[in-house]
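Report on the following structure.
Here, residue 1 is the first one in the sequence, and each next residue gets the next number.
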Amino acid sequence: MKEGIHPDYHPITIVMTDGTRYETRSTWGKAGDVLQLDVDPKTHPAWVGGVNFRKTGQMEKFNNKFSFLGAQGPKDAKKEEKKEDKKGA
């Protein structure tokens, strides 16, 4: 390897938001520095289930686009058939 072109890879301490600490190696800072995290996997909503992403599947897009037509899906049609059978009997 060429001399002087690679970053210094040294041990640092990472402190999570709950106060837990662990030691790892990094190119961040200087040897022995402490990296204090503001957001980590234990508190970020994307990892703890606090984020509700909108469904963007193809069926959802289709249903959203053509919902004004009022067409019933296969599940709704079966329910309607059962209701009519009960009324007719």
Side-chain angles (χ1 to χ4, degrees):
M1 287 197 286
K2 283 188 175 179
E3 293 289 326
I5 63 167
H6 299 285
D8 181 30
Y9 191 62
H10 48 270
I12 64 166
T13 303
I14 296 181
V15 180
M16 306 285 264
T17 55
D18 64 353
T20 57
R21 303 170 148 254
Y22 68 93
E23 194 165 310
T24 187
R25 294 177 54 87
S26 175
T27 58
W28 180 84
K30 298 180 178 137
D33 280 352
V34 176
L35 177 61
Q36 180 76 37
L37 297 179
D38 294 331
V39 177
D40 63 16
K42 295 178 184 177
T43 59
H44 194 279
W47 287 296
V48 295
V51 175
N52 188 9
F53 291 109
R54 192 175 133 227
K55 291 183 179 180
T56 57
Q58 292 299 314
M59 284 303 297
E60 287 80 12
K61 286 181 184 178
F62 179 86
N63 289 336
N64 290 338
K65 187 173 184 178
F66 295 106
S67 63
F68 68 93
L69 294 174
Q72 295 179 352
K75 292 179 183 176
D76 294 335
K78 288 179 184 177
K79 288 180 186 177
E80 291 296 322
E81 287 175 10
K82 288 181 182 180
K83 285 181 184 178
E84 288 176 10
D85 289 341
K86 288 181 182 178
K87 288 180 184 177

Examine distances only and state if a side-chain atom of Asp33 and a backbone atom of Gly29 form a donor-acceptor pair shorter than 3.5 Å.
-> no
Rounded to the nearest 0.5 Å, what's the gap from NE2 on His10 to CH2 on Trp28? Could you check?
->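 Separation between the atoms: 8.0 Å.
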Which distance, rounded to the nearest 0.5 Å, do you find between the CG of Leu35 and the CE of Met16?
->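 Leu35 atom CG to Met16 atom CE measures 10.5 Å (nearest 0.5 Å).
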By side chain to side chain contact (heavy atoms under 4.5 Å, CB included) - contacts of Glu23 (at least two apart) |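 Glu23 satisfies side chain to side chain contact (heavy atoms under 4.5 Å, CB included) with Pro11, Thr13 once adjacent residues are dropped.
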Can you name the side-chain hydrogen bond (donor to acceptor under 3.5 Å, both in side chains) partners of Thr27, sequence neighbours left out?
->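 None.
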Should Ile14 and Gln36 count as side-chain neighbours, where that means a heavy-atom distance under 4.5 Å?
->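 Not in contact.
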Start with the C-alpha gap between Tyr22 and Thr20, add the side-chain angles, then the distance that decides, and say whether side-chain contact (heavy atoms from CB on, under 4.5 Å) holds.
-> CA-CA 7 Å; Tyr22 68 93; Thr20 57; 5.8 Å; no
Knowing that exactly one of Asp38, Thr17, Leu37, Val39 qualifies, which makes a side-chain contact (heavy atoms from CB on, under 4.5 Å) with His44?
->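 The side-chain contact (heavy atoms from CB on, under 4.5 Å) with His44 is passed solely by Val39 among Asp38, Thr17, Leu37, Val39.
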Apply side-chain contact (heavy atoms from CB on, under 4.5 Å) to the pair Ile12 and Arg25, showing each step before the final yes or no.
-> CA-CA 6 Å; Ile12 64 166; Arg25 294 177 54 87; over 6 Å; no
Step by step, would you call Asn64 with Ser67 a side chain to side chain donor-acceptor pair (under 3.5 Å)?
-> CA-CA 5 Å; Asn64 290 338; Ser67 63; 5.7 Å; no
